[in-house]
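Scroll down for the structure; my scribbles are underneath it.
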There are 4 protein chains.
Amino acid sequence: MSDVNPTRVAILGASGYSGAELIRILLGHEGVELVCVTSRSEAGRCLGDVFPRFRGVGVADSLKFIEPDIEEIVATGAQVAFLALPHGVAAGFAGSLLEAGLKVIDLSADFRISDAGVYEEFYGIVHPDPALLAEAVYGLPEVRSGEIAQARLVASPGCYPTSVILPLLPALADSLIDPASIHVVSMSGTSGAGKKADASLLFAECNESLRAYCVPRHRHLSEIEQELSIAARQKVTISFTPILTPVTAGIYTTVYAAAQNGAQAGDLERSLGNAYGAAPFVRLLGENIPPDTKHVTRSNFIDIGWAYDSRTGRFVLMSAEDNLVKGASGQAVQNFNLMSGLPQTSGLIGL
Amino acid sequence: MSDVNPTRVAILGASGYSGAELIRILLGHEGVELVCVTSRSEAGRCLGDVFPRFRGVGVADSLKFIEPDIEEIVATGAQVAFLALPHGVAAGFAGSLLEAGLKVIDLSADFRISDAGVYEEFYGIVHPDPALLAEAVYGLPEVRSGEIAQARLVASPGCYPTSVILPLLPALADSLIDPASIHVVSMSGTSGAGKKADASLLFAECNESLRAYCVPRHRHLSEIEQELSIAARQKVTISFTPILTPVTAGIYTTVYAAAQNGAQAGDLERSLGNAYGAAPFVRLLGENIPPDTKHVTRSNFIDIGWAYDSRTGRFVLMSAEDNLVKGASGQAVQNFNLMSGLPQTSGLIGL
Amino acid sequence: MSDVNPTRVAILGASGYSGAELIRILLGHEGVELVCVTSRSEAGRCLGDVFPRFRGVGVADSLKFIEPDIEEIVATGAQVAFLALPHGVAAGFAGSLLEAGLKVIDLSADFRISDAGVYEEFYGIVHPDPALLAEAVYGLPEVRSGEIAQARLVASPGCYPTSVILPLLPALADSLIDPASIHVVSMSGTSGAGKKADASLLFAECNESLRAYCVPRHRHLSEIEQELSIAARQKVTISFTPILTPVTAGIYTTVYAAAQNGAQAGDLERSLGNAYGAAPFVRLLGENIPPDTKHVTRSNFIDIGWAYDSRTGRFVLMSAEDNLVKGASGQAVQNFNLMSGLPQTSGLIGL
Amino acid sequence: MSDVNPTRVAILGASGYSGAELIRILLGHEGVELVCVTSRSEAGRCLGDVFPRFRGVGVADSLKFIEPDIEEIVATGAQVAFLALPHGVAAGFAGSLLEAGLKVIDLSADFRISDAGVYEEFYGIVHPDPALLAEAVYGLPEVRSGEIAQARLVASPGCYPTSVILPLLPALADSLIDPASIHVVSMSGTSGAGKKADASLLFAECNESLRAYCVPRHRHLSEIEQELSIAARQKVTISFTPILTPVTAGIYTTVYAAAQNGAQAGDLERSLGNAYGAAPFVRLLGENIPPDTKHVTRSNFIDIGWAYDSRTGRFVLMSAEDNLVKGASGQAVQNFNLMSGLPQTSGLIGL
């Protein structure tokens, strides 16, 4: 239906949950031709066999997984590569793909932290390709659409960070809250842990279970604090506790922050409205209206509600997103759209 | 098996979830003879018909629900009455039952708030029987076992309050945390909302859903702050956000509080150990060990873990309990045991 | 993007689960302009307020529910009306809408049973408009695409019937199975029971619960046997047991039928292939490959697997569909597409 | 509380779900002293560390897992051993334990099939110890309480078999149904698959999923048909399809069977009543009353309902049990009680 040729796209590491979600979105994206999917474990099998959901749709019955070999990937004619690989692995591919002339959208953490030392501190490994860090753009479209549109290498944000940064950023930038007062609790669905055979993620272990993990220092703190600090124009350190909950998809984030400079609910609403009035995927629900993850699953929306508690002088900010869509693959496609000169919403309007 | 005669017990409002859980526990309690269950909606039907789970067990096939009429209740010979009635309703029964010589354990909020004005502020009604407030004992067995043992009227604490108060109390009493720094997020299963035909509680509305509610001021704040203030010897005001999660049973509470006076994890551990070393239903898991609701469901345990975050100077306290057991009916039976001179654990050792 | 004008569409009874699913699909359908949604309970509120999932999408923030008044519906210029109303109610609207020149797609049972006596037997009420029964077409697109394309009034099949009829029809038509040997067990998600405030459908009642209902005679037997009898060219009577399972969406059907005339797995596969080779929404998985509801939820696909048990001489047929999509609203849109001269897949390719 | 000394008990393979359930029950069993638990993977850790649910209960904080070494097991003084080991492995231990003077209750399939050839056919391995088959008693207490009470080696039945055999046995024995007409569909919770790190059992793969497996020939057919054939006094072959459903615990079985000799619902009810009137764990719900798994989870009950469909002349039998309790560990303890001269209900009355 489009006059222009679709962009040829490769997905590296397409057999996990983020990869599958990318495939789901891209199979319905009119501006995309999916030409390459890689997976060490599934090489040789076609998309529809690995993911029965996709059988009979587009190229799913013909396109086969290949090994993640740079030459073979380049030979498919791919113009853009999505990296849905583990951290530490993704950075090993980015440089070669860029050299071969592809643009790269990385869903791992490898290019999100601008400081290689902080990366090493939180991820426990020396950064595999620190030279690329300066070029990489932290791909939060609501904040850096211009930079993203010009970028060759975009680091698409993590699921928790997106859910924490977007509600907080305007209030920090507008000095409505005390940067030292931020307390966050986030609940996530189990797909966030990936498709790995781990007994603690079995249905019988997650069903009827609520449990915190990575207390008190989750890796995602590094990129959350990096971005909040930029907005606040000062170093921001926060408390963050992730909770595993028995839903497949979804992240629900609750943020407390102390109001300052006399800010109240109306000020917060104006600040959010100014920041996101034109953002197609941020829905501002209103004061005292909590979001609900079931209204955003499988869509690229993030819903934000808020309240002001006059008893404590604190704001409560609440956000809901699908961890695999706005928290991963949908946001990556939103970045792709910006990099490709397409409307941000291309391929992402499905509910 | 016991030498002494069992106590004859009545449950008023036995057709809801708390009532059913009371029945479940009391049917297996050797020190109890269940002689009366009331329910306006189920009057005339026997226990086993209303709750198929209980068919064939003890008196379940013979004991019939009656209307909640004081004379009829007294006529059953009941010595102790559990009130599993809505707030505002429970208080209408307590006085008459006490006059008739019964002891009363109220699971509603009616006698938890010692100040009738605060009750009216949070519950929106004038207290039905304020004269009894002075006599009522807030029934947290880990804190007031002596008073409970002497009481005629015990107000058994709410589910959220138990999960918040128990982890915080020792730290507040020992001045390890700043009372003005408390931020709480609690997740609850849907049974906490009761067995009422409300479309927002349908399976299809709760499954794959995470959502906050009653933001920013939940009713349970009143009793939480009352008890924390007593422990801290000053007025304590906190932030509290409840989240509805797709589990049937369980509450998971995460508390942030700023360390003060140089307190660190070891100090907190000692404080908790001193407070609860002899408490049969508090399990202290250890530093950086988050609890998991699936390990406490259907038991009367509350599991507590903690962490100290040196980056922020804050403690994280986490607790897990079954909202219907330690958060309601199990705790009520624990109070019953104390009031009856039985071991706290009688009838409550089941896993 | 289309050259032709979109069709103006009304949905009557749009506030339930089938109605919401229709809205979800039609908001993304390029050949449709949604001009009217009715609901007695939600009249006056806009789509996005009633269904937060739709906020910010298409007309969701501007289109308001109206009362189901024929004149007002006609005044919106609607050309096609979907009836997502309870049985008995839908038939009261169909005639007037047809008279006003609209085409009607009824998702209720009212026009599925060609014999008004059978309708009365199974639904317990006299048919409200039997004169229209002769004209109504049972809208299984895989069986009657030609008739549907010409119809003014289409009775879109029920969720269980679609899941039972599609796997069985070819084998019956080709005389591969004994029509007297059919035994069916179907499992359904709770959304199939509708969005009604019924305590037995609460999360706490459905979670961790498996239970049969309407044993031994469910209403859907009437349309299942009607369609199977047509295919078999003889009266077919079957056994059917529906089971409520804790999923929101999905129907899983297991069918046993005795092979006859020496039929084996290969014969069944050929029969299914001949019948559905060109059907865009039937996916034939293969011998001994059971379907899985999670691969079809939110899509209009029905997945079918089968096995031949030489020990008993019986076939096992298994199907999986989304009860609200292929089992209700997706199929209704598939019928709409046929009636509108559009490809069957218009607006239905989303995954 | 008991006058007699408790029996010293060992559990081999105690780290899986059946083993954990055995521990849960035996920790509350007054006639049992748990003296030994084995697990290759958990050797050296105490019960409460491996299963946080058990912390603080009985011996859970002191008893440590040991390697499954016969000498060490015998050295603990154990008088009875429960084998919660995989099939093929259990049979390797039984003989040595019997020789050492222990009684053995095997929860695996190893001693359930009296014909070693059938075992090999269905389990794909040569039976490790066929000489013991003649001595082993198939431990269905409702059928063979006398033999069980005398046995040294009891093969405790599987979860599916218990749910299928108990409802069918009386009707077959009393010739009310045609043995050639049996069609079974059973739904199981995921704990039935065991605690193994298998990606297909992850929460994100099982949630919102219904799927058949092992079609058309599940291993449990061998013991089901063996027992049904004994009751029917002829070879019985049935159809059986297991379905994996998103519950942790529970099996729901639906059985169709053609009435014969003019049998109707009343005859079936009498037959069931005669067979199970004195069975403490079989609850006969009544005609047209389907059971519900949520009423039997964590209890040793099996609930049975039934219907007669005059349209087809077939009975529908429905049963619900907890797959880990009546379907495994509870039944094993029921057998233990019989073998120990205790009431069948000892330690099993918990709800």
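Predicted model, so just to flag it, every value in this text is computed and none were measured. Labels below follow one simple rule: chain letters A, B, ... track the order of the sequence lines, proteins then strands, and each chain is numbered from 1. Just so you know, these numbers use all the heavy atoms, side chains as well, and skip hydrogens, waters and symmetry mates.
The contact list for residues 330-338 of chain B toward chain D, using heavy atoms and a distance under 4.5 Å, is empty. Contacts between residues 51-64 of chain B and chain D, counted as heavy-atom pairs separated by less than 4.5 Å, involve B:P52, B:R53, B:F54, B:R55, B:V57. Within residues 282-304 of chain B, the residues having any heavy atom closer than 4.5 Å to a heavy atom of chain D are B:R283, B:L284, B:L285, B:K294, B:H295, B:V296, B:T297, B:R298, B:F301, listed by residue number.
Contacts of B:F203 classified as ring pair (Phe, Tyr, Trp, His ring centres under 6.0 Å), with partners at least two apart in sequence or in another chain: C:F203.
Note on B:I349, B:N207, B:I25, B:T248: by heavy-atom pairs under 4.5 Å with chain D, the leading option is B:N207.
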